[in-house]
Amino acid sequence: MKLYEFQGKRLFAEYGIPVPKSGLLRSPTDAMPFDAPGVLKSQVLVGGRGKAGGIRVVDDNEEANLAVEDLFQKTIGDEQVAAVLMEEKVAFTNEYYLALTHDGGRALPLLIASASGGVDIEEVARENPEAILTQVFDPLLGPLDYQVRRAARSLGIAKPRQLSDLVARMYRVFAETDATLVEINPLAQTADGLLALDSKVLLDEKAAYRRKDVFSALLEEQNALTGQSESLEKEDTTTFVDLDGDLGMISDGAGTGMLTLDLIRDAGGEAATFCEMGGFTNPQVIYDAIGSVMARQPKVKALLIVLIGGFNRMDEMAEGILKYREDHGIDVPLVVRMVGTLEEVGKEMMHEAGLDTFDDLPGAVEEAVRLAKGDS
Amino acid sequence: MKLYEFQGKRLFAEYGIPVPKSGLLRSPTDAMPFDAPGVLKSQVLVGGRGKAGGIRVVDDNEEANLAVEDLFQKTIGDEQVAAVLMEEKVAFTNEYYLALTHDGGRALPLLIASASGGVDIEEVARENPEAILTQVFDPLLGPLDYQVRRAARSLGIAKPRQLSDLVARMYRVFAETDATLVEINPLAQTADGLLALDSKVLLDEKAAYRRKDVFSALLEEQNALTGQSESLEKEDTTTFVDLDGDLGMISDGAGTGMLTLDLIRDAGGEAATFCEMGGFTNPQVIYDAIGSVMARQPKVKALLIVLIGGFNRMDEMAEGILKYREDHGIDVPLVVRMVGTLEEVGKEMMHEAGLDTFDDLPGAVEEAVRLAKGDS
Amino acid sequence: MSILVNENTKVLVQGITGRSGSLQTKVMLEAGTKVVAGVTPGKAGESVHGVPVYDLIEDALEEHEVDAVISFVPAPFAKDAAIETFDSGIKLLVLTTEEIPDHDVVSLIGVARARGARIVGPGTPGLIAPGKCKMGAHPTRMFTEGKVGMVSKSGALSYEVGKSLTEAGIGQSTVVGLGGGPIWGLSQTEVLELFEEDPETDVIVMLGEIGGSMEEEAAAFIAENISKPVVAMIVGRAAPEGKSLGHAGAIIEGDRGTAQAKIAALEAAGAHTARIPADMVDIIRKVRGG
Amino acid sequence: MSILVNENTKVLVQGITGRSGSLQTKVMLEAGTKVVAGVTPGKAGESVHGVPVYDLIEDALEEHEVDAVISFVPAPFAKDAAIETFDSGIKLLVLTTEEIPDHDVVSLIGVARARGARIVGPGTPGLIAPGKCKMGAHPTRMFTEGKVGMVSKSGALSYEVGKSLTEAGIGQSTVVGLGGGPIWGLSQTEVLELFEEDPETDVIVMLGEIGGSMEEEAAAFIAENISKPVVAMIVGRAAPEGKSLGHAGAIIEGDRGTAQAKIAALEAAGAHTARIPADMVDIIRKVRGG
């Protein structure tokens with residue numbers, strides 16, 4: 001779960017990380033928290049709001065009111081601006097980049113520091129990688145003092161003590177809220193010390209079960225701003241992506257799903273959906289997956305279900321498919337490829353329901369592509 | 001720093017460890033927090049208050065009032081009862097012992113569990129050691145679920161989940177307050193679950209610098225009850241013990257201090273004080289040490305200072321001794337043995353002040369014993 | 001020989017009484033795996049498909065030798081259960097559990113390293129040394145004993161390829177599923193190294209996918225360290241840009257993470273590349289023939 | 001030979017610019033110790049008695065080889081500084097700092113073990129291999145090269161005994177101060193084992209005191225594992241009951257922890273016992289003579 005800047009900064013403030021004075025406007029009619037000058041910042045989850053005109057420096061109140069009205073009208077990426085943060089203008093001498101995250105390949109947490117703050121760090125990483133200092137650390141110890149001193153040196157901070165304190169607080173946010181990323185970019189060097197001018201915090205939804213109160217409150221706040229009703233309770237691990245073709249595709253694995261996309265294209269077809277259910281599923285998951293794909297009609301002209309069960313059980317997959325067909329019908333041509341764990345049982349269930357399945361993936365793909373084209 | 005039962009239980013409650021309903025009487029005139037029946041418990045830091053009559057079960061309010069008056073009069077060990085805790089009477093089926101501490105020899109934290117709760121655990125350890133389960137654990141991980149399940153089995157707790165939860169909370173107390181001991185004895189099995197009927201918490205004064213607020217508040221509360229003025233700010237690491245003899249003894253190390261006691265006895269003398277300053281000292285420490293010993297006059301008939309400096313500097317020791325003599329005089333015979341780091345400088349300073357020192361420890365001891373006896 | 005496990009590997013199942021643990025125990029036993037014991041707290045004394053159940057690993061170790069553990073323990077308890085395995089001195093854990101919080105994954109992998117133990121996973125389909133030992137989900141009939149070593153993040157994809165190879169009569173030494181990430185215990189390069197050292201593996205099959213940089217890192221490692229022929233297949237050639245396809249990192253951003261780039265890196269490192277499983281068969285035959 | 005350090009040991013001083021660090025560096029240099037570098041954050045470029053100062057150990061390692069570190073870092077920073085040492089691959093740390101919180105001590109010793117490093121201390125007077133290397137407070141003139149290995153919790157007590165032995169012409173291989181406790185990195189039994197294995201140590205002197213059970217544990221260890229003659233001295237024969245005398249655990253409770261009990265245990269284990277330092281000299285001569 002990605003937090004809005006203002007949510008991340010509130011978290012920072014709770015942990016004693018210095019942030020500028022600010023106030024949130026939840027709607028264009030909200031009163032200004034303080035008089036201009038100030039900086040008005042669109043609250044969106046997508047990146048690149050600066051380039052998209054989502055940040056305005058305002059010098060007087062009239063200008064501020066106009067800017068607020070304007071910002072609330074904006075769409076950045078696909079996102080309607082959810083709120084506007086009014087923040088004091090801050091004078092600073094340097095902008096740094098500082099972040100904590102995990103290095104998946106090394107399976108260790110990572111402290112990232114760069115003197116090139118205030119710009120897109122991925123760009124820095126591409127064009128000037130030596131400007132970024134990354135240090136892995138022991139997850140049970142946190143970043144150590146000597147590592148912070150090393151970082152301070154690379155940032156050109158003469159007195160490392162203030163950075164030690166800041167990193168210790170960032171680490172507490174990282175560990176105690178089950179964050180996967182805690183990023184400050186830019187971190188400003190001001191006359192009064194270091195100040196977090198922006199926040200980017202990603203929380204690990206896999207840890208929602210043990211951070212229920214905090215995660216729920218943040219999500220409800222987001223829902224209230226966006227009018228959506230996202231939920232922490234994920235019933236399944238399905239990944240659903242809309243594509244431009246006509247063949248609905250469901251698979252029980254990301255790798256096979258991608259292979260199937262490749263095979264569809266090789267066979268001259270185009271997928272309408274990439275819907276992969278993961279390797280630990282159940283009848284309800286495939287039931288819901290079929291529902292999601294069928295909701296894409298009329299785009300979807302045929303449905304291809306590719307199953308190769310390891311932990312997934314083919315009896316359960318058959319159960320879910322047949323239940324969906326009984327409840328809602330499947331009024332496009334259906335091709336099912338079913339092999340793997342308990343395939344004898346699943347195939348028999350399908351056969352009895354008049355649905356014979358394929359063993360062979362390329363054969364199933366070719367048949368589905370043909371059917372999606374309306375060939376008979 | 002040792003906490004009173006009520007302080008430990010308040011800490012327990014803050015961390016969600018179940019404790020009985022209770023209220024504290026800070027003086028005999030305080031109102032009863034609730035009606036009898038209940039248990040009145042003397043608040044003292046010394047052990048063995050049960051055997052000393054410091055705990056009374058009361059069935060009606062009149063009995064309770066009389067008992068309170070009586071308990072506030074009591075002295076247990078050397079301690080005046082500081083307060084009385086009125087606690088609800090609790091029905092239970094089992095009494096366990098549970099504690100977290102460090103095993104110094106193995107340098108690992110330790111989870112201790114015993115089904116023989118409610119009695120002196122040291123006695124259990126001597127007489128029935130197999131009734132105690134001790135498990136070391138990784139300090140960075142805390143006690144693990146399987147270790148708690150092992151403990152639950154040894155306690156005869158069928159559902160380990162409640163014990164896991166309790167141990168997790170005890171561990172947080174242990175780690176987050178820098179405790180050296182968190183002990184619940186007895187931990188009662190009641191119809192509503194586990195309940196801490198007593199608390200013993202030792203906090204690590206060496207960590208006071210980073211737990212200032214918490215430690216200070218607890219200590220001030222203790223001072224308010226006892227009328228003493230203990231302080232967290234230890235200027236030195238001196239250990240001072242009063243003994244029954246006539247020779248004041250100061251050493252700069254525990255080991256040499258004990259050796260000197262042995263040598264004094266071997267020479268037919270008896271020490272009046274054991275005052276050891278530790279191996280990292282300075283002029284003020286020895287100045288204060290001499291002051292403490294001289295305050296024991298008339299008991300102290302002579303003063304023996306035994307110095308063998310490693311990290312301690314003999315120039316600084318000479319400075320402290322001479323400063324004390326200048327400020328207050330030392331009106332008993334003084335024998336100084338001075339060797340070790342910067343001894344040339346120290347000896348020269350002493351010599352110039354008319355105080356020649358010994359190199360030889362047995363010789364210095366014999367001389368001091370002779371002088372304390374008034375032989376000349 | 002095979003890597004990580006062999007015909008003598010004695011396996012303990014953590015979470016054996018659960019739905020998945022119990023079914024997979026049956027399937028592992030049918031595949032000939034020596035499943036000697038199971039653990040589920042509170043279920044001591046029960047048995048699952050003839051396998052005795054204990055409360056603690058130490059109880060099982062009083063009765064059985066155990067070389068490796070496969071865990072089906074739910075995510076909230078997975079970390080402590082994993083450490084129970086390492087603290088018991090067991091050096092291989094196949095951790096099938098998905099959705100373990102990242103902070104727990106990193107901690108438990110740290111403990112494994114400190115204890116000199118290996119973790120396959122988390123979120124792994126496990127591994128199979130066909131005809132010898134199966135620890136995980138690989139459908140038995142899609143694999144057969146032989147000399148191809150295979151490594152893959154994705155479970156299902158390795159089943160697809162295993163099925164094609166097995167149908168073509170090409171057997172496998174060991175097939176290892178690393179898990180979908182984003183954090184891995186056993187890494188792809190460690191597996192490549194094990195295959196390089198395994199005298200009974202003659203060809204290494206590596207299955208990759210778009211996104212991340214694991215394949216590029218593998219390519220660099222192969223160029224330096226692997227002398228055996230490597231046949232790679234990268235799926236996601238037809239994937240759209242900017243959309244995450246399930247696995248952590250399976251996303252193309254601009255020109256980064258494309259199948260084309262990965263294929264080029266692997267070919268530059270001397271690996272052979274296959275477009276689809278059927279190609280694999282031809283390439284392996286050609287490689288062996290030459 | 002000597003244990004833990006020798007004439008080639010290159011030493012780095014953590015906290016070298018502090019009062020104690022700076023003086024002890026001078027004394028160590030005078031004793032012939034190869035002090036090659038020092039570290040104090042923010043003091044890079046300075047020098048202390050000719051020893052160059054760096055901000056980080058890694059900076060020092062770019063210029064110098066380092067075998068061992070002695071730390072004078074204040075308690076609040078001692079843990080991180082210790083881990084900096086271990087993370088730099090240095091396998092011996094003499095940690096003189098006193099008053100480190102117990103939780104930090106336990107953590108840093110845990111890290112040392114995980115990295116395969118040894119900690120002498122905390123709160124240790126350090127160690128000296130006379131004529132070869134001095135890392136700590138042992139007054140140089142009280143020690144001389146020879147074949148007695150000595151171990152003690154207490155610093156000052158080992159200086160007393162060292163002085164007596166040296167004055168009698170009996171030299172030492174290495175003298176190790178474990179520190180006053182309550183938590184120890186290097187243990188007494190580990191030191192005994194090192195002396196047992198050291199070909200140039202012929203007699204082991206063990207200094208103990210009342211309280212705790214370290215001497216009883218050492219007695220059990222000696223009975224099982226030590227073939228060389230051990231001469232022990234336990235101080236505190238004249239100590240009063242129930243009063244803590246400085247060191248953690250230096251307290252007699254009832255019949256437990258008395259010097260008599262410890263002496264009896266050590267004699268039962270075959271150790272010789274001395275009442276006072278002067279006795280030591282006689283016993284060592286007798287042991288060597290026989």
Side-chain angles (χ1 to χ4, degrees), chain B residues 102-109 122 138-140 174-175 178-180 204-207 209-210 234 237-239 241-244 251-266 270-271 274 276 278-280 306-313 339-343 359 361-362, chain D residues 20 23-24 27 75-76 96 98-107 109-110 123 125-126 136-139 142 152-160 163 180-185 187 207 209-210 213-214 217 233 235-240 243-250 259 275-278:
Chain B
H102 287 120
D103 179 329
R106 288 196 275 181
L108 284 169
E122 308 247 319
D138 187 317
L140 302 174
F174 184 59
D178 262 307
T180 56
D204 187 354
E205 290 175 44
K206 300 188 292 300
Y209 73 89
R210 63 183 176 198
K234 281 238 190 104
T237 52
T238 300
T239 302
V241 176
D242 266 305
L243 300 172
D244 298 330
S251 72
D252 63 348
T256 4
M258 288 187 244
L259 174 61
T260 305
L261 285 193
D262 295 349
L263 290 169
I264 290 171
R265 181 165 297 172
D266 290 352
E270 278 299 330
F274 174 88
E276 81 91 3
F280 261 110
V306 172
L307 301 170
I308 185 162
F311 293 126
N312 289 345
R313 301 163 58 142
V339 289
T341 301
L342 298 175
E343 64 175 77
D359 249 39
L361 179 60
Chain D
S20 198
L23 171 64
Q24 294 300 331
V27 180
T96 71
E98 298 194 309
E99 298 286 303
I100 306 174
D102 287 1
H103 284 269
D104 284 8
V105 172
V106 160
S107 291
I109 292 174
H138 295 78
M142 300 184 192
S152 171
K153 265 198 250 185
S154 169
L157 189 60
S158 68
Y159 318 155
E160 291 288 359
K163 182 168 174 289
I183 301 173
W184 290 270
S187 72
L207 306 179
E209 61 188 37
I210 53 161
S213 57
M214 207 189 237
E217 286 156 21
M233 180 175 82
V235 298
R237 288 179 284 117
K243 311 232 177 183
S244 170
L245 299 187
H247 281 170
R275 281 170 58 91
I276 57 171

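In what follows, chains carry the letters A, B, and so on, assigned in the order in which the sequence lines appear, proteins first and then strands, with residues in each chain numbered from 1.
- Closest approach of Pro109(B) to Val106(D), counting heavy atoms only: CD-CG1, 3.6 Å.
- Heavy atoms closer than 4.5 Å to chain B are found in the side chain of Gln24(D), but not in its backbone.
- With a 4.5 Å cut-off on non-hydrogen atoms, Thr96(D) touches chain B through its backbone and its side chain both.
- Taking Ile183(D), Val105(D), Val27(D) one by one and counting their heavy-atom pairs under 4.5 Å with chain B, the maximum is reached by Ile183(D).
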Determine, stepwise, if the pair Asp266(B) / Arg237(D) fulfils side-chain contact (heavy atoms from CB on, under 4.5 Å). CA-CA 10 Å; Asp266(B) 290 352; Arg237(D) 288 179 284 117; 3.1 Å; yes
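- Residue Glu270(B): no heavy atom, backbone or side chain, is found under 4.5 Å from chain D.
- Only the backbone of Ile100(D) comes within less than 4.5 Å of a heavy atom of chain B; no side-chain atom from C-beta onward does.
- In terms of heavy-atom pairs under 4.5 angstrom with chain B, the leader among Ala239(D), Pro125(D), Gly155(D) is Pro125(D).
- Of all heavy-atom pairs between Leu140(B) and Ser107(D), the closest is CD2-OG, 3.8 Å.
- In plain terms, the two heavy atoms of Phe280(B) and Ser20(D) that are nearest each other are CE2-OG, 3.4 Å.
- Counting heavy-atom pairs under 4.5 Å between each of Leu261(B), Thr260(B), Asp138(B), Leu259(B) and chain D puts Leu259(B) at the top.
- Side chains of Arg210(B) and Pro101(D) form a contact here, defined as non-hydrogen atoms less than 4.5 Å apart.
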Please step through side-chain contact (heavy atoms from CB on, under 4.5 Å) for the pair Ile308(B) and Met142(D), ending with a clear verdict. CA-CA 10 Å; Ile308(B) 185 162; Met142(D) 300 184 192; 3.7 Å; yes
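- Heavy-atom distances place the side chain of Phe274(B), and not its backbone, under 4.5 Å from chain D.
- Evaluation of the ring pair (Phe, Tyr, Trp, His ring centres under 6.0 Å) rule for Phe174(B) yields His102(B), His103(D) as partners, not counting sequence neighbours.
- A donor-acceptor contact shorter than 3.5 Å is absent between the side chain of Lys243(D) and the backbone of Leu243(B).
- Taking every heavy atom of both residues into account, Ala137(D) and Thr341(B) meet most closely at O-OG1, 4.4 Å.
- With chain B as the partner, the residue from His138(D), Glu98(D), Met214(D) showing the most heavy-atom pairs under 4.5 Å is Glu98(D).
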Could you walk me through whether Ile276(D) and Asp262(B) pass side-chain contact (heavy atoms from CB on, under 4.5 Å), step by step? CA-CA 8 Å; Ile276(D) 57 171; Asp262(B) 295 349; 5.7 Å; no
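- Highest contact tally toward chain D, considering only Asp252(B), Leu263(B), Leu342(B), Val339(B), is held by Val339(B) [criterion: heavy-atom pairs under 4.5 Å].
- Options Ala259(D), Ser154(D), Ala156(D) differ in how many heavy-atom pairs under 4.5 Å they form with chain B, and the most are formed by Ala156(D).
- Heavy-atom distances place the side chain of Met233(D), and not its backbone, under 4.5 Å from chain B.
- With sequence neighbours left out, the salt bridge (charged side-chain N to carboxylate O under 4.0 Å, His left out) criterion links Lys206(B) to Asp204(B), Asp102(D).
- Residue with the most contacts toward chain D among Pro139(B), Ala207(B), Ala107(B), Gly253(B): Ala107(B) (heavy-atom pairs, distance under 4.5 Å).
- Taken to the nearest 0.5 Å, the OG1 atom of Thr239(B) stands 8.0 Å off from the CG atom of Leu245(D).
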